[in-house]
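Below is one structure, written out as structure tokens; comments come after it.
Naming: A, B, ... by sequence-line order, numbering from 1 per chain. Scope of the values below: all heavy atoms of this structure, side chains included, with no hydrogens, waters or symmetry mates.
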Amino acid sequence: MSDGNSPMQRPPLLSLSGVHTHIGQYHILQGVDLDIPEGQLTMLLGRNGAGKTTTMRTIMGLWQASRGEIRFGGEPLNGVATPDIARRGISYVPENMGIFGALTVQENMHLAARSGPMDTARLDWLFEVFPALKKFWKSPAGSLSGGQKQMLAIARAVIEPSRLLLIDEPTKGLAPAIVSALTSAILQLKSFGATILMVEQNFAMARAVGDTVAVMDDGRIVHRGLMADLAADKALQERLLGLSMDMHQ
Amino acid sequence: MSGSLQTVLARLRGGDGARRSGLLLIAALMLLALAGVGSVPTWITLTLAGLAMGMMVFIMASGLTLVFGLMDVLNFGHGAFISLGAFVGVSVMAALGPWMESASLAVNLAAVLAGAIIGMVVTGLFGYVFERLVVMPVYGNHLKQILITMGGLIVVEQLIYVVWGPDAIPIPRPETLKGALTFGDVVLEKYRLLAVAVGLTIFAVMTGVLTRTKIGLLVRAGVENSEMVESLGYPITRLFIAVFIAGSALAGLGGVMWGLYEEVITAHMGMSVMVMVFIVVIIGGLGSVEGCFLGALLVGLMNNYVAYLAPKMALGSSILLMVAILMWRPEGLLPVAKGR
């Protein structure tokens with residue numbers, strides 16, 4: 001483990017200690033230990049099937065941890081229902097984006113603004129970052145392209161102020177131009193001090209936005225450190241991920 | 001491409017095309033029937049009968065489709081609410097005998113309204129108990145849902161026998177709703193006009209609630225992806241209970257309306273009409289209120305036209321219609337895209 005640098009030493013906003021998750025007869029998470037430092041963007045990397053999405057869903061309470069402890073802001077999250085986890089300040093962008101296709105873009109955003117009318121300043125900023133949302137404001141969200149849906153999913157997750165943002169593979173299946181727009185949007189979110197945990201397979205994006213990184217394999221965290229250190233070490237990349245990041249430029 | 005054209009195309013992809021297909025299908029059925037019947041007055045009478053039947057089936061089916069869409073619950077006990085609503089509503093109307101026999105339309109409607117409201121309140125409350133005791137323990141298991149809700153239906157039927165006795169109970173319609181209005185050769189049954197008006201009102205109210213209120217948006221979102229609704233901070237179970245109660249109350253209202261339509265009520269009337277209710281829900285697309293409305297109109301019209309043109313085919317016509325629609329659109333007219 002390569003600890004010892006300043007971003008890693010910040011107090012964790014979210015911590016998982018020895019978390020196990022079973023889905024039916026399958027033992028997916030097998031003792032995950034993970035700290036998410038406040039104000040940082042932590043990348044969660046790993047091969048397919050390593051347990052990254054399960055980790056996200058376990059944090060959100062969509063699947064219950066069978067063992068171990070999850071603490072958010074010092075408070076335990078185990079056994080807390082998903083809506084209460086969201087109301088404590090964790091926003092979630094799932095891998096399939098979770099867009100309500102029969103609802104308009106506006107209605108999707110309206111539902112995400114739990115505490116009342118949408119904050120206009122925040123909405124204006126989102127329109128600036130994702131102009132397509134304004135253009136298709138009254139259109140059914142199901143008719144948007146994949147990239148526009150992803151933009152809506154992220155906008156929906158940040159329209160209500162939250163303390164932690166979980167994003168699961170935001171660039172999956174998107175064109176490079178859209179990936180570039182998403183990258184700059186996420187960098188903007190970072191610049192506002194957002195705490196983010198992101199699963200990503202696109203290493204170029206991971207390197208561009210990540211502060212810290214955790215790598216999973218077989219349901220466990222096998223590496224924690226700075227994103228810059230992992231990006232600079234091809235041998236480590238090949239050992240942990242089975243390939244070099246340069247292959248994904 | 002201009003923004004407005006993009007918006008129009010987006011709306012077509014979003015379901016307007018399917019909606020239009022459903023409406024065209026209804027129009028085609030009506031025109032075909034006109035050609036088959038040959039007489040315009042008879043066709044108008046049959047069309048009104050079909051619309052009235054469709055509206056009543058829609059009232060009964062709309063709650064069921066939302067219950068399925070929201071929590072994936074197959075409630076075969078829905079027929080119990082139809083029967084219970086009918087018996088409670090009729091008991092209220094029987095207690096208001098002089099109002100039913102009055103020559104004033106307003107007084108007659110007040111009696112029907114009282115029966116309908118009390119029937120809805122009782123079935124709504126009963127729906128809450130049914131959901132907590134019978135449905136909640138079997139969330140996520142379709143086979144158990146079918147078995148236990150069928151069991152619940154049988155228990156309720158037996159309880160109706162205990163309270164109201166085993167015999168069918170005839171219900172005379174209110175005085176001013178008996179008979180028909182005639183315009184030349186066109187005969188319009190008064191009660192059917194009322195049924196159409198009630199059905200359209202319920203559809204308009206439901207559409208308004210589902211599209212213009214936050215709770216309606218949550219229901220529509222929950223039908224698509226209940227997990228995401230929870231992830232946004234809304235407890236889906238509470239929403240589901242509210243929908244289950246509303247759906248039960250609507251089934252109760254449908255029971256009152258159907259009882260007056262048939263002019264007789266029996267404990268197993270709910271189970272009998274459930275065949276048609278399920279056909280309508282399947283034709284419309286599981287979870288879709290709008291699809292349910294279109295499906296109910298199609299089934300009601302088809303049933304009445306075929307009963308006139310080929311009486312022996314009437315029973316099977318709805319099933320044939322369902323088969324044909326499923327071959328054309330395997331997920332129904334306006335299916336809800338599931339996101340979970």
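Looking at A:L103, the atoms closer than 4.5 Å to chain B (heavy atoms on both sides) sit in the backbone and in the side chain alike. Proximity to chain B (any heavy atom under 4.5 Å) is shown, for A:A81, by neither the backbone nor the side chain. When heavy atoms are compared at a cutoff of 4.5 Å, A:A113 approaches chain B solely by way of its backbone atoms N, CA, C and O.
Taking the ring centroids of B:Y139 and B:F240, they lie under the 6.0 Å cut-off.
For the pair A:R156 and A:Y92, the cation-pi criterion (under 6.0 Å, within 45° of the ring axis) is not fulfilled. With A:F72 as the aromatic partner, A:R163 meets the cation-pi criteria of under 6.0 angstrom to the ring centre and within 45 degrees of the ring axis.
Below 30°, between 30° and 60°, or above 60°: for B:F76 and B:F278 the angle between ring planes is between 30° and 60°, a tilted geometry.
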